[in-house]
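Quick note on labels: first sequence line is chain A, next is B, and so on, each numbered from 1. Excluded from the calculations below are hydrogen atoms, water molecules and symmetry mates; all remaining heavy atoms, backbone and side chain alike, are included.
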Amino acid sequence: MPVRVQEADFDVGAELTALRQGDPRIGALASFVGLVRDVNDGSGVSEMTLEHYPGMTEKALTAIIGEASRRWAIIDALVIHRVGRLLPTDQIVLVAVTGAHRGEVFAACQFIMDYLKTRAPFWKREVTSEGARWVDAREADDQAADRWHD
Amino acid sequence: MKTVKILYFAGLRERVGQGCEQLELPAGVSDVAGLLALLAARGGRWQGLATIRNLRCAVNQEMARPDSPLRAGDEVAFFPPVTGG
């Protein structure tokens, strides 16, 4: 269940192929890719920088995947999250989950992404037409994570 | 003496003007809330630290609470709500 935090871009096709390769138990693979938009909160965004807490980030992501594997019968999962300077249309994050059936992998993929948004120590600083600013956390993200509570 | 390593991230790092420090805790400071009060007592840009809304804290890279205890050698991190993904 690999977790990678890196500056470099990633090749979604190659990553998904590697995740499922040679495992005939896998009947379903769900993935999500997050991208940099050119607008946020009504302002044009020309670039962003992602800061993180080295060490804790990897631990938090591993714990989130661990929680997903306890809740659903998944076979493997992968999270790649980029840090550093990113431009609109750049890829930020890849979450991919494999399993026997689609129900588990769809749910686990969404769960991992929702938890990542509220629990993994990353922070976005964006450059807009009005200057640079740290992105505020969204209540909607907390609500998205909260809905997984029993 | 109980020395802890303190890390600051993102907007909070900019606010306090540093990313990392080692601090000897005086007797009587035994948890996260106590450390925050100690830092806020520095005044100036530190003053609002104990009352900042939504301030998050981790001790040894696990999310912590105001009453989480601190021990010698702990790594304590303060940061705003996360915004990755």
Note: vs chain A, highest number of non-hydrogen pairs under 4.5 angstrom among B:Asn54, B:Leu7, B:Asn60, B:Thr83 is B:Thr83
Select one option (side chain, backbone, both, neither) describing which atoms of A:Lys59 are under 4.5 Å from chain B's heavy atoms. side chain
B:Gly84 backbone acceptor or donor facing A:His81 side chain under 3.5 Å: no
So, do B:Phe9 and A:Pro121 sit near enough that their side-chain heavy atoms are less than 4.5 Å apart? no
Do A:Ile92 and A:Val97 sit in one hydrophobic cluster, given that two such residues count as connected whenever their side-chain heavy atoms are within less than 4.5 Å of each other, even indirectly? yes
Measure distances from A:Arg119 to the heavy atoms of chain B and classify the residue's part below 4.5 Å as side chain, backbone, both or neither. backbone
With a 4.5 angstrom heavy-atom cut-off, which part of A:Asp136 approaches chain B: side chain, backbone, both or neither? backbone
Over all atoms of both residues, closest heavy-atom pair of B:Ala58 and A:Tyr53: CB-CE1, 4.5 Å
Find out if a path of hydrophobic residues (ILVMFWY) with successive side-chain heavy-atom gaps under 4.5 Å connects A:Ile80 to A:Val33. yes
Just wondering, are more than 12 heavy atoms of other shown residues or ligands nearer than 6.0 Å to CZ in A:Arg102? no
Count I, L, V, M, F, W, Y as connected when their side-chain heavy atoms are under 4.5 Å apart, and connections chain through other members. Are A:Val12 and A:Leu78 then in the same cluster? yes
Kindly compute the distance separating CE (A:Met56) from CE (B:Met63), expressed to the nearest 0.5 Å. 5.0 Å
Answer yes or no: is there a side-chain heavy-atom contact under 4.5 Å between A:Arg125 and B:Glu14? yes
Donor-acceptor under 3.5 Å (A:Trp123 side chain, B:Gly11 main chain): no
Okay, side chain of A:Lys124, backbone of B:Val82: is any donor-acceptor separation there less than 3.5 Å? no
Do A:Val36 and A:Phe10 land in one hydrophobic cluster if side-chain heavy atoms of ILVMFWY residues count as linked below 4.5 Å? no
Does A:Leu116 belong to the same Ile/Leu/Val/Met/Phe/Trp/Tyr cluster as A:Leu94, with side-chain heavy atoms less than 4.5 Å apart forming each link? no
